[in-house]
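The figures that follow rest on heavy atoms only: side chains count, while hydrogens, waters and symmetry mates do not. Predicted model only: the values in this text are computed from it and were never measured. We name chains A, B, ... by the order of the sequence lines, and we start the count at 1 in each one.
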Amino acid sequence: MAEERILEQRKEKVEKLKELGYEPYAYRYEVNAKAGELLQRFGKVKSEEEREKEELPKDELSLAGRIMSMRIMGKAAFFHIQDESGRIQCYIRRDTVGADFYNKVFKKLIDIGDIVGVRGTLFRTRTGELTLEVKELIPLTKSLRPLPEKWHGLKDTEKRYRQRYLDLIVNPEVRDIFRTRTKVIKKIREFLDSRGFIEVETPILQPIASGAAARPFITHYNALDIDVYLRIAPELYLKRLLVGGFERVYELGKNFRNEGISTRHNPEFTMVEWYMAYADYNDLMEMTEELFEFLLDEIFGKGVREIEYQGTKISFERPFRRISYLGELSKKTGLTEEELLHDEEKVLAKAKELGIEKAEELSHFKRVQELFEALVEPELIQPTFVIDFPKAISPLAKEKRGNPELVERFELFIFGREIANAYTELNNPKEQEERFKQQLEEKAKGDEEAMEYDADFITALEYGMPPTAGEGIGIDRLVMLFTDKDSIREVLLFPQLRPEKRCGEEICEVEPEKKEE
RNA sequence: GGGCCCGUAGCUCAGCUGGUAGAGCAACGGACUUUUAAUCCGUAGGUCGGAGGUUCGAAUCCUCCCGGGCUCACCA
């Protein structure tokens with residue numbers, strides 16, 4: 001293999017560097033400048049007049065980074081080094097660094113991909129590119145494997161995800177996605193902190209996985225000899241904190257759901273959930289609008305209220321549209337709200353008409369939800385709050401004032417996707433107990449995702465949880481929206497992939513075939 | 001899990017109406033002191049994802065398997 005040969009050649013170069021007294025894996029290097037900052041400060045191309053007048057700083061700069069390209073032209077050479085901030089060209093001449101170093105070290109032992117330190121001064125080439133004239137070059141880390149191609153980068157999606165570090169080295173726009181991700185998370189914290197919320201950490205290993213409708217991952221805790229679950233949501237723990245007297249809490253972290261992987265689902269994903277005492281879902285809608293305004297200001301620039309996602313303009317002008325769950329569904333189905341709530345036959349007929357799979361097996365309100373997902377959600381392109389959901393599919397939300405069949409709940413949809421989910425929280429222990437029991441019945445009927453009964457949570461509510469509103473936002477999908485990405489994998493540094501089978505033939509023969517479930 | 005598509009050199013890709021593999025970049029040797037997808041001359045590099053099958057002959061056709069992408073289902 002060509003790669004094997006390159007590996008061998010480079011390992012030899014490591015030895016030769018050592019022989020010549022260089023450390024191929026150095027310890028430290030004093031850096032006083034960043035490529036990106038220099039480029040930003042001194043611009044890239046200038047008119048001739050400007051260039052004549054231009055005075056670049058004469059002080060010696062030292063930078064460190066990875067060599068990304070190289071053009072050797074006899075007794076001088078150009079190369080680009082890339083640090084975290086960007087890529088700057090360097091110029092090295094035999095007569096400046098010495099013939100020995102230039103011929104024996106630079107030309108023979110330094111490769112594209114190596115990490116080096118360079119010291120020198122800035123100048124501008126004939127074509128106007130800002131360039132560092134190298135007075136000294138120090139090898140810092142030898143790279144043994146060849147980098148992907150300089151022009152086309154790395155395109156193979158599988159390789160990009162499995163070896164994300166290569167993707168990050170070679171595709172600068174990928175680094176930007178993750179910078180944005182970090183910023184989104186940071187700014188959400190800032191927003192909540194500034195409003196008096198405290199960030200808390202609740203268990204990821206839970207004896208009962210509740211708080212959402214999803215299948216959990218199971219693991220075993222040896223010391224207690226019990227099975228525990230990776231949390232599917234932190235909700236019930238956060239509410240216990242409100243019982244305990246914290247009035248504004250939030251948690252930003254991972255949830256785990258043992259379900260399919262797709263462009264919109266990763267088994268571990270990041271959520272922020274916050275709970276605010278003495279508030280209801282109306283307050284949260286306003287707060288959500290404010291949060292979006294804040295994020296847009298911080299990420300896209302002050303006052304920006306429109307972004308483009310997958311070729312569609314999305315406007316975040318307040319107030320966001322508000323529609324009622326049943327009202328909208330009534331418009332789309334032609335059934336009245338009364339029929340949607342109570343006429344099982346008509347709803348079933350409609351579900352069948354739309355070709356909803358296994359419609360017969362679903363409970364009435366699951367069918368209604370199916371209708372909603374099929375008919376309403378795809379049309380919610382601009383930010384829209386859907387409000388007042390049926391009680392039966394919202395076991396943790398409080399009854400709507402004036403309508404006991406609905407709950408005070410909203411979901412925020414953008415581009416047909418659910419971004420946020422919020423309720424006026426149910427804090428009546430007796431009713432919560434009944435709702436849990438209903439979930440148990442659903443479970444008994446075969447709904448694997450019905451919510452688990454959490455008796456300790458009921459006990460907590462019996463001590464009294466203040467009136468509270470709570471909301472959760474899926475961070476990954478939010479980042480997708482802000483980075484214009486259509487796959488969740490593009491916004492996860494290391495998305496879940498099936499492990500590669502990388503075994504020798506012998507090992508594979510010994511390994512038993514995995515049985516299909 | 002179902003459907004459709006993809007897997008050829010380290011990377012990006014050609015070759016696919018069957019006749020045992022090509023290019024550019026990267027690598028190696030050489031020329032070149034302001035190049036920038038540097039250029040020029042030369043060299044090396046592949047069990048064509050894996051296993052079977054059809055055939056005189058398979059990267060190419062068929063089957064199964066592995067991995068990936070999109071999509072549907074479940075969900076956030």
Test for a donor-acceptor pair under 3.5 Å between the base of B/U35 and the side chain of A/Arg71, counting only N and O atoms. yes

When we call it a touch if two heavy atoms are under 4.0 Å apart, what does A/Gly74 touch: a base, just sugar-phosphate, or nothing? base

In whole angstrom, give me the gap between the P atoms of B/C16 and B/C61. 10 Å

Is there a donor on the side chain of A/Gln89 or the base of B/U35 sitting less than 3.5 Å from an acceptor on the other? yes

Let's see if you can work this out: which of B/A37, B/U35, B/A27 has an atom nearest to the side-chain heavy atoms of A/Trp151? B/A37

For atom CD of A/Gln369 and atom P of B/C74, their distance in whole Å: 10 Å

With sugar-phosphate meaning primed atoms plus P, OP1 and OP2, does A/Ser69 contact a base, only sugar-phosphate, or nothing at under 4.0 Å between heavy atoms? nothing

Minimum-distance nucleotide (side-chain atoms of A/Arg489 versus B/A73, B/G69, B/G45): B/G69

Examine A/Arg409 relative to A/Phe389 and say whether NZ or CZ is less than 6.0 Å from the centre of the six-membered ring and inside a 45° cone about the ring axis. yes

Which pairs, protein N/O on one side and nucleotides 11-13 of chain B N/O on the other, fall under 3.5 Å?
unit_1, atom_1, unit_2, atom_2, d
B/C11, OP1, A/Lys159, NZ, 3.0
B/C11, O2', A/Glu149, N, 3.2
B/C11, O2', A/Gly153, O, 2.9
B/U12, OP1, A/Lys155, N, 3.0
B/U12, OP1, A/Asp156, N, 2.9

Report all interatomic pairs (protein N or O, nucleotide N or O of nucleotides 48-50 of chain B) with separations under 3.5 Å.
none

By nearest nucleotide on RNA chain B, pick out whichever of A/Tyr91 and A/Ile72 is the more 5' one. A/Tyr91

